[in-house]
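A short worksheet on the structure shown next.
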Amino acid sequence: MRKSVLIILLAFASQLVSAQYLQTNQDMEKKIEQIIEQLTLKEKVAMCHAQSKFSSPGVPRLGIPEIWMSDGPHGVRGEINWDNWGYAGWTNDSITAFPALTAMAASFNPELAHEYGFSVGEEARYRKKDILLGPGVNIYRTPLNGRNFEYMGEDPFLASTMVVPYIKGVQENGVSACVKHYALNNQEEWRGHIDVHVDDRALHEIYLPAFKAAVEEGGVWSLMGAYNKYNGQHTTTNKVLMNDILKGDWNFDGVVVSDWGSAHDTDESALNGLDIEMGSWTNGLTASKDFAYDDYYLANAFYEKLKSGEIDESVVNDKVRRILRLMFRTTMSENRPHGCMNNQEHHDVARKIAAEGIVLLKNDKNFFPIDPEKPMTIAVIGENATKSMTIGGGSSELKAQYEISPLEGIQKRFTKATILHSLGYTSGPSAYGKVISPTENQDSLRLAAIETAQKADIVLFVGGLNKNHHQDCEGGDRLSFDLPFNQDALLHDIVSANPNVGVILVSGNAVAMPWLKDIKGLLQAWYLGSDAGYALADVISGDVNPSGKLPFSFPVKLEDNAAHSFGELSYPGDSINQYYKEGILVGYRWFDTKKIKPLFPFGYGLSYTNFEYSDLKTNKTSYGKDETIEISFTLKNTGKLAGAEVAQLYVSDPKCSVMRPTKELKGFGKVSLQPGESQEVTLTVPVSSFAYYAEDGKDWVVEAGDFILQINSSSAQNELKQTIKVE
Ligand code: BGC
């Protein structure tokens with residue numbers, strides 16, 4: 001068949017498909033209106049709030065099902081009791097734990113994000129969940145935020161690029177993703193009431209893009225409001241965020257779910273866009289009397305106002321319309337797959353993401369990879385070599401069917417080596433909202449670790465943070481940028497006992513590294529889920545060549561971070577208000593523009609091989625504002641091992657009527673190459689993405705003039721560049 005004929009046929013077929021889609025969509029909307037006509041006011045109101053900790057009611061009389069929700073985002077959480085936070089003790093709710101979203105972001109691989117979403121969606125479906133409470137896309141503003149591990153880093157383009165395929169993957173299973181926490185929930189300290197003040201430019205350029213992408217490109221079916229306030233009003237019931245931006249500008253047709261206890265007022269909840277209220281009790285957050293559901297803001301009080309006419313019935317109809325739409329997409333969908341869980345495919349995906357997310361930060365004299373065929377003694381030291389990282393951390397806690405620890409992973413792969421193990425320190429068990437001190441004698445643990453280090457050829461120190469309160473955990477922030485539990489001092493002693501030390505940092509956050517110059521190798525290993533130990537051993541042994549890149553900058557010291565450089569009113573605020581004084585200069589935008597050298601820059605990560613960039617070309621030299629630029633260059637693997645490189649496209653606007661960051665990420669591509677292989681890589685970028693948000697006109701503006709395109713191997717390492725003109 002001639003190519004042109006084929007193209008016409010394909011276009012015709014896609015028109016048919018979209019016409020069919022329109023038809024089914026129209027049918028669905030018609031059915032929804034028919035159902036609304038049959039519902040009593042009481043039934044409508046009932047659909048707008050919880051009936052248990054994780055479900056909202058259907059209409060039994062009409063066979064309309066309940067909606068069942070579950071955390072999210074790294075796997076499907078164990079079953080919680082009907083009316084309290086205890087685990088229900090089911091025996092069929094153990095799942096695959098996937099790596100934390102920071103690890104996914106560090107893979108810079110959107111295809112993997114899709115596999116992640118699809119697999120966790122299959123597990124949610126099998127567990128009969130209709131809404132999976134995730135993913136989270138709050139921007140990394142401070143390394144102290146206890147929940148950064150659940151998010152996708154500091155850059156809005158990276159977070160947007162990764163969140164879309166995750167959402168699509170989840171929803172292909174007839175399960176709604178629920179993007180959270182909208183918006184400006186960038187710290188846990190005072191999260192229930194802190195009033196965030198941020199300029200419009202930062203709001204639109206930094207904090208909202210990933211949510212916008214989730215809605216407009218990901219087609220997400222539900223979204224969770226956050227706990228904090230924005231400009232004096234709680235975000236979950238914030239007129240500007242919900243009515244004007246989300247449901248107005250972005251045309252969101254899905255359901256807004258409150259965070260658990262983030263609604264505080266009936267009028268605001270009714271009128272400012274909240275559709276399903278979860279987890280409330282009128283005295284604040286999650287404290288609750290038994291069966292408080294009738295007292296929710298969108299329950300009896302809402303009903304009374306509707307009945308008296310104080311609030312128009314169209315308000316509840318809009319909510320019910322959205323809820324029914326979500327039901328038709330999920331629990332009432334006719335062709336919904338059945339899901340599956342704990343299958344080998346899911347574990348393979350989890351392991352692949354984990355291994356691709358690990359970032360090699362330092363590798364003196366090729367410390368890594370360590371040859372598994374060589375008989376030697378390896379000392380594995382540190383509590384994180386054995387501590388469970390799927391337990392704790394708050395609502396993202398998981399009941400994993402199994403969890404391979406780093407120690408087990410290393411033992412299983414390095415069968416020719418003698419593996420010694422020593423804890424070095426302990427941190428106490430994880431408990432929500434409180435710190436429980438360890439019972440072990442820390443001095444004895446330290447001495448034992450030093451002795452173990454002396455006996456080994458190589459030391460692998462597996463430390464970092466953990467999922468305890470005030471570490472990487474919901475409900476509180478870290479209290480210090482330093483490593484906790486005296487690990488700095490311990491590392492100092494270990495290095496004195498044996499200079500051959502590699503550090504494996506298990507964390508979702510940057511930490512201070514006073515020992516960096518003294519160690520030989522460093523891997524940033526995040527929280528890697530069920531197959532953590534396998535994935536780590538894959539990278540340590542060289543079975544997998546590391547290709548992860550940092551999704552956020554590591555400052556040398558806390559004050560170098562933008563939010564912290566402005567003092568307490570900027571972070572954490574004065575307990576009532578908080579001012580994002582750094583504006584748009586978040587993460588590398590700050591380090592670049594202020595010429596502060598980070599310890600490790602955004603986008604940084606080494607490989608066991610080397611790459612060479614050459615021959616940058618653009619398809620033209622001058623572009624209109626609606627055009628798309630094609631940038632091509634050659635990438636060559638000049639080393640001896642197969643590997644993958646993340647080439648990053650940053651754009652600078654050197655002359656602009658408003659302040660611009662030195663450069664901003666606008667594209668990236670991950671390319672796998674055999675040793676010696678070269679490939680021509682093409683990245684495309686629409687000129688419209690160069691725009692800044694003009695506060696006066698409340699619009700996006702690209703000013704004509706020169707723009708510099710940089711192809712980089714990290715935000716701090718330029719490889720190629722070219723200037724183009726925008727007319
Ligand atoms: C968290 C949400 C979570 C919800 C339900 C809240 O405390 O902020 O992320 O989905 O609880 O567990």
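Whatever order the structure lists them in is the order used to number ligands and atoms, beginning at 1. These figures come from a predicted structure and were not determined experimentally.
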Ion pair R191/E188, N-O distance below 4.0 Å:
yes

More than 12 heavy atoms of other groups within 6.0 Å of W90 CH2
no

Near E474 (heavy-atom distance under 4.0 Å), the atoms of ligand 1 are 1 (C), 6 (C), 7 (O), 8 (O)

Quick check on contacts: which atoms of ligand 1 are under 4.0 angstrom from a heavy atom of L133?
10 (O)

Close aromatic pair by centroid cut-off 6.0 Å: W85 and F54:
yes

Any salt bridge between D275 and R325, counting N to O under 4.0 Å?
no

Yes or no: does E150 have any heavy atom under 4.0 Å from an atom of ligand 1?
no

Those residues at least two apart in sequence (or on a different chain) that pass ring-ring contact (aromatic ring centres under 6.0 Å, His included) with F302 are none

Run the contact test for M278 against ligand 1 with a 4.0 Å cut-off on heavy atoms, strictly below, and give the result.
no

I'd like to check which ligand 1 atoms, numbered from 1 as shown, lie under 4.0 Å from a non-hydrogen atom of R191.
7 (O), 8 (O)

With D71 as reference, evaluate K129, K53, K180 under the salt bridge (Lys or Arg N to Asp or Glu O under 4.0 Å) test and give the passing residue.
K180

Quick one: which ligand 1 atoms are inside 4.0 Å of a heavy atom on R147?
1 (C), 2 (C), 8 (O), 9 (O)

Numbering the atoms of ligand 1 from 1, which are under 4.0 Å from a heavy atom of K180?
2 (C), 3 (C), 9 (O), 10 (O)

Partner of W526 under ring-ring contact (aromatic ring centres under 6.0 Å, His included), picked from F552, F149, Y151, is F552

Give yes if a backbone or side-chain nitrogen or oxygen of W85 is under 3.5 Å from a nitrogen or oxygen of ligand 1, and no if not.
no

Option set H181, M224, E397, criterion heavy-atom distance to atom 9 (O) of ligand 1, minimum
H181

For V163, run the side chain to side chain contact (heavy atoms under 4.5 Å, CB included) check against L101, V137, L158 and tell me which one passes.
V137

Side chains of Y87 and D93 only: does a donor on one sit below 3.5 Å from an acceptor on the other?
no

At a 4.0 Å threshold, what atoms of ligand 1 neighbour a non-hydrogen atom of S395?
1 (C), 2 (C), 3 (C), 9 (O), 12 (O)

With a cut-off of 4.0 Å, which atoms of ligand 1 are near a heavy atom of R77?
12 (O)

Going by the order shown, which atoms of ligand 1 are within less than 4.0 Å of some heavy atom of Y227?
6 (C), 7 (O), 8 (O)

Checking heavy-atom distances from atom 3 (C) of ligand 1 to each of V257, I131, D71, the winner is D71

